[in-house]
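Residue numbers count from 1 along this sequence.
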Amino acid sequence: MGLQGRRNTMLAWTNLGDRPFTFVPAPDAPGVLHLTRSALSSVLNSFAHTATVVEHLRKFAAAVYDSSLHGQSQTIPSVRLTRNQYRSSRTLEAFAEAVDSQLRRFDTWCATREEQICKAGGGVCPTIVSFLSLEVAMRNEFSETFVVIRELLLGITRRATRSSDVLEEFWTLPDLPQRMSPSNLTALLLDSLLLNVIEHASMGDTVTSRNLMTVFGASAEPLWKMIGKWVGDGMPVHDLSGPTDAHTQTVDDEFFIEDNELPLLDPDFWSDGFVLRDAEDDGGGASSLVAVPLFLQYAAEHVLSAGKAVGLLRALGMTTVFERTGGSVLTPNWPPFSSLLSADTTCSPDHGASSPYVGSVDDFSRLVYDELVSPCRSAQDRMTQVLVDDCDLWHHLSAMEDLLLMRRGDAISNLVDILFARMDSPQPWTDFHFLNSAFRDVIEMGRTSWVDPSLVRFSHRGHNGKAISRTVRAIEGLLIEYAVPFPLTYMFGPRAMQVYSSVFVFILQIRRAKHTLERILVRSAIGSVSHAGNDLKVFYAMRSKLSWFVNALLNFVSTNVLHTQLVSFHSALRDAGSLDDMITLHREHLAKIEGRCLLHANTSALHRAVTSVLDMCLHFSECFVAYAGDTTLDISKQSLIHVKRHRSKRQKRQRRNVIGFSLSLLEENSSSSESEPDEDSMEVPETSFSLNATSAIDFAEESFHVRLDKMSGELDALVRFVRRGVESLAGGTGEAAPAFGIFAFALEDWDR
């Protein structure tokens with residue numbers, strides 16, 4: 001009767017003294033003939049300690065029940081709730097209910113023992129009664145279950161309130177100021193239970209382990225139902241028109257997934273809209289950076305991805321794999337967490353199938369992962385199917401690669417010829433309408449429709465476009481945007497477009513230098529320089545060196561960077577199992593291309609050296625024209641004439657309702673352009689020619705031969721600098737080392 005907390009003659013409850021709120025041996029307790037008074041007091045102290053622990057747990061369960069009922073009855077938050085910042089936690093309520101269930105089982109066991117004693121006293125079912133037999137029977141049935149739960153609650157109370165003092169009255173936890181979010185409290189409670197289960201199982205205390213696992217299973221049930229609702233119904237979407245239903249509800253505060261309330265059409269929605277909650281530093285040594293319970297460490301990312309996929313499918317008006325007529329079939333049929341424990345947990349050899357035994361957190365996490373991975377993958381597979389079949393993923397990806405990575409040879413050649421012709425003319429090449437009308441004309445003249453020109457927009461953001469005749473850096477302000485349909489914007493967002501544009505600009509700079517060298521007709525200049533044979537030989541040598549480096553660089557970028565990486569990326573993308581995997585693969589793919597094109601911050605010095613060589617090609621052309629006269633052949637004009645051929649009536653009808661500004665590519669503008677200073681700084685090795693010069697090149701101070709000889713030395717220093725840097729990258733352990741090794745091997749021919 002004393003163990004059940006009822007009034008009796010052996011144990012007494014005290015609220016005063018050195019040990020308040022405890023059971024102590026009653027001062028007037030009757031004696032036992034075969035025990036001395038001190039021996040009896042020692043025995044009663046042992047039972048008093050057990051009765052005290054059990055009574056504290058009763059107070060805790062009653063306090064949680066009272067707080068829960070009080071919070072539900074308040075339509076307006078009371079002063080008490082506001083002051084204490086109480087936030088109801090269904091996991092804490094389920095835990096209190098599970099503890100109360102163990103307490104009721106303990107009371108039932110005590111009542112059964114009392115019934116046996118009463119029957120034996122009446123001559124029915126004789127039994128031996130002793131203090132030792134009672135303690136042994138109680139330990140065999142409950143072991144350290146209540147003591148462990150009490151210590152667990154003491155630790156949780158200390159960390160939840162962030163109190164440095166030891167708070168023995170842990171049953172006041174629901175009424176104390178909460179300095180821990182509900183999601184972190186849920187993770188802390190479930191992790192503490194699971195770790196204690198494993199600890200006592202490893203020590204052979206299967207009774208405590210079995211009882212704690214029962215409490216853990218009941219405590220995890222609310223979170224498990226939240227997972228089922230998240231995977232079955234998907235993420236809530238708030239910015240869609242229509243009445244509020246079950247699919248637009250908010251995410252529970254104690255769920256390990258957080259809603260950042262981003263609009264659905266935001267390009268960062270998929271990565272930042274719903275994320276795993278961050279763990280709080282409560283001074284207790286958090287084991288992870290996210291507020292995810294340990295048993296969900298392998299499945300949390302899949303659960304997050306699956307819920308986002310289902311929610312996005314609903315927003316797109318697509319059916320999910322869990323939908324039938326009348327709504328989702330997954331949420332109402334979601335199995336309870338207790339079925340997972342009974343089906344997937346191995347059994348202790350001492351207690352049979354009714355006592356689950358968990359070897360480690362990792363083992364149990366993998367069991368939970370195996371249970372969750374099937375519905376999660378089904379949702380993710382459905383999302384990828386919609387992206388490929390309904391959103392034309394591969395069509396838009398191919399169009400972007402053909403344009404932005406210059407894989408469409410014929411159309412891109414015509415486009416760059418138009419751009420280079422405009423750059424060489426007095427007219428501004430950065431004009432918005434010119435860029436877009438030129439691209440549209442090239443696409444319309446093509447034999448196949450490989451890209452929709454209405455989805456592409458060219459623009460130039462910068463003020464150094466007029467310096468295009470002296471430096472390829474003037475192209476860096478060029479930006480190409482491709483408008484992919486929703487939800488492909490999550491994959492091809494603004495950051496991806498910037499990377500694609502930077503790669504396009506880099507290749508265009510290389511082709512600009514190559515075009516400048518190729519348009520010089522040496523044979524037509526022989527008559528002008530026949531009196532200077534040595535100058536002509538120096539010219540041939542310099543032009544050959546520049547062309548060799550530019551061709552080697554263009555071949556490396558086109559073959560060893562773009563082609564190789566695209567083959568690998570396409571193969572991996574076909575095997576991607578979710579939109580998250582696609583986004584990750586695409587991000588890594590662009591990072592690899594950007595790095596191997598020397599566009600990362602750690603290779604900025606090499607990129608500046610390469611740009612100096614490309615600028616030298618333009619300066620070399622200027623020097624030759626100044627010395628020999630304009631004896632170049634503008635091959636791009638032939639392309640312009642080809643592009644501007646007769647347009648059919650069908651093409652005219654297609655363009656009839658299009659509003660735009662079509663500039664004549666052959667029209668000459670008499671307005672002159674003034675050069676603007678280039679503020680880019682060059683690292684060593686430096687070049688002697690100035691990119692800021694506005695006057696014509698004069699050979700009065702130094703001859704053509706001397707200037708070419710100086711340029712040859714500077715080119716040699718720049719190429720050697722690039723080669724040393726590439727060799728350093730090739731000697732690394734990264735994935736890009738083999739690609740740079742090929743380029744370094746090609747640059748070895750510079751000295752031959």
Side-chain angles (χ1 to χ4, degrees), residues 60-61 63-74 77-78 80-99 149 152-163 167 170-195 215-231 233 235-236 249-261 273-297 299-300 303-304 307 337:
F60 167 76
V64 173
Y65 289 159
D66 179 68
S67 297
S68 177
L69 294 174
H70 183 76
Q72 293 176 2
S73 63
Q74 296 290 329
S78 64
R80 172 179 177 271
L81 294 178
T82 304
R83 182 179 67 251
N84 292 338
Q85 300 177 0
Y86 172 75
R87 287 168 289 187
S88 177
S89 170
R90 282 185 283 174
T91 301
L92 185 64
E93 294 172 3
F95 170 72
E97 183 180 0
V99 172
I149 294 177
L152 180 148
L153 282 172
L154 285 173
I156 290 177
T157 303
R158 191 179 306 115
R159 293 177 62 177
T161 58
R162 299 190 181 181
S163 173
L167 186 63
F170 61 85
W171 57 87
T172 61
L173 174 62
D175 295 327
L176 293 176
Q178 298 289 317
R179 294 183 173 88
M180 178 180 287
S181 64
S183 59
N184 283 270
L185 180 61
T186 296
L188 175 61
L189 176 59
L190 296 179
D191 290 348
S192 301
L193 280 170
L194 183 59
L195 291 175
V215 175
F216 170 78
S219 303
E221 199 66 54
L223 183 62
W224 186 254
K225 290 182 179 179
M226 294 179 197
I227 295 175
K229 178 176 177 55
W230 171 266
V231 176
D233 295 341
M235 62 180 178
Q249 297 176 358
T250 58
V251 178
D252 198 291
D253 288 339
E254 60 183 296
F255 197 38
F256 56 84
I257 295 175
E258 181 179 12
D259 183 3
N260 289 326
E261 299 183 356
F274 290 89
V275 296
L276 299 179
R277 294 185 188 271
D278 295 330
E280 298 175 353
D281 184 10
D282 57 2
S287 58
S288 63
L289 299 178
V290 291
V292 178
L294 291 175
F295 73 96
L296 293 172
Q297 59 181 337
V303 171
L304 172 63
F337 192 68

*Listed by chain and number, what are the side chain to side chain contact (heavy atoms under 4.5 Å, CB included) partners of Glu97, not counting sequence neighbours?*
Tyr65
*asked:* Quick check: do Met235 and Trp230 have side-chain heavy atoms less than 4.5 Å from each other?
replied: yes
*Partners meeting ring-ring contact (aromatic ring centres under 6.0 Å, His included) with Phe295 (sequence neighbours left out)*: Phe216, Phe337
*When you measure from the side chain of Glu221 to the backbone N and O of Ala94, does any donor-acceptor pair fall under 3.5 Å?*
no
*Mind checking the CG-CD spacing from Leu223 to Glu254? Nearest 0.5 Å is all I need.*
7.5 Å
*Distance from Phe255 atom CZ to Thr91 atom OG1, nearest 0.5 Å?*
11.0 Å
*asked:* Test side chain to side chain contact (heavy atoms under 4.5 Å, CB included) on Val64 and Leu173; report intermediate values, then the result.
replied: CA-CA 8 Å; Val64 173; Leu173 174 62; over 6 Å; no
*For side chain to side chain contact (heavy atoms under 4.5 Å, CB included), just list the numbers for Phe60 and Phe95, CA-CA rounded to whole Å, side-chain angles, deciding distance to a tenth of an Å, and then say yes or no.*
CA-CA 10 Å; Phe60 167 76; Phe95 170 72; 3.6 Å; yes
*Rounded distance (nearest 0.5 Å) linking atom CG of Leu188 with atom CZ of Arg159*: 4.5 Å
_Passing candidate, side-chain contact (heavy atoms from CB on, under 4.5 Å) with Leu296, options Leu276, Val303, Ile227_ = Ile227
*How many angstroms lie between OG1 in Thr250 and CD in Glu261, if you round to the nearest 0.5 Å?*
9.0 Å
*Do NZ/NE/NH1/NH2 and the carboxylate oxygens of Asp252 and Arg90 come within less than 4.0 Å?*
yes
*Partners meeting side-chain hydrogen bond (donor to acceptor under 3.5 Å, both in side chains) with Asp259 (sequence neighbours left out)*: His238
*asked:* Keeping Asn184 on the side-chain end and Ala291 on the backbone end, is there a donor-acceptor pair under 3.5 Å?
replied: no
_Going by the rule side-chain hydrogen bond (donor to acceptor under 3.5 Å, both in side chains), which residues pair with Gln297 if we only count those two or more places apart in sequence or in a different chain?_
Ser365
*State, yes or no, whether a side-chain contact exists between Ser219 and Leu190 at a heavy-atom distance under 4.5 Å.*
yes
*Separation of Leu152 CG from Leu195 CG (nearest 0.5 Å)*: 9.5 Å
*Contacts of Ser183 that satisfy side-chain hydrogen bond (donor to acceptor under 3.5 Å, both in side chains) - sequence neighbours left out*: Ser181
*To the nearest 0.5 Å, what is the distance between CD1 (Ile149) and CG (Leu154)?*
12.0 Å
*asked:* Out of the candidates Leu189, Leu193, Leu92, only one should pair with Ile156 under the side-chain contact (heavy atoms from CB on, under 4.5 Å) rule; please name it.
replied: Leu189
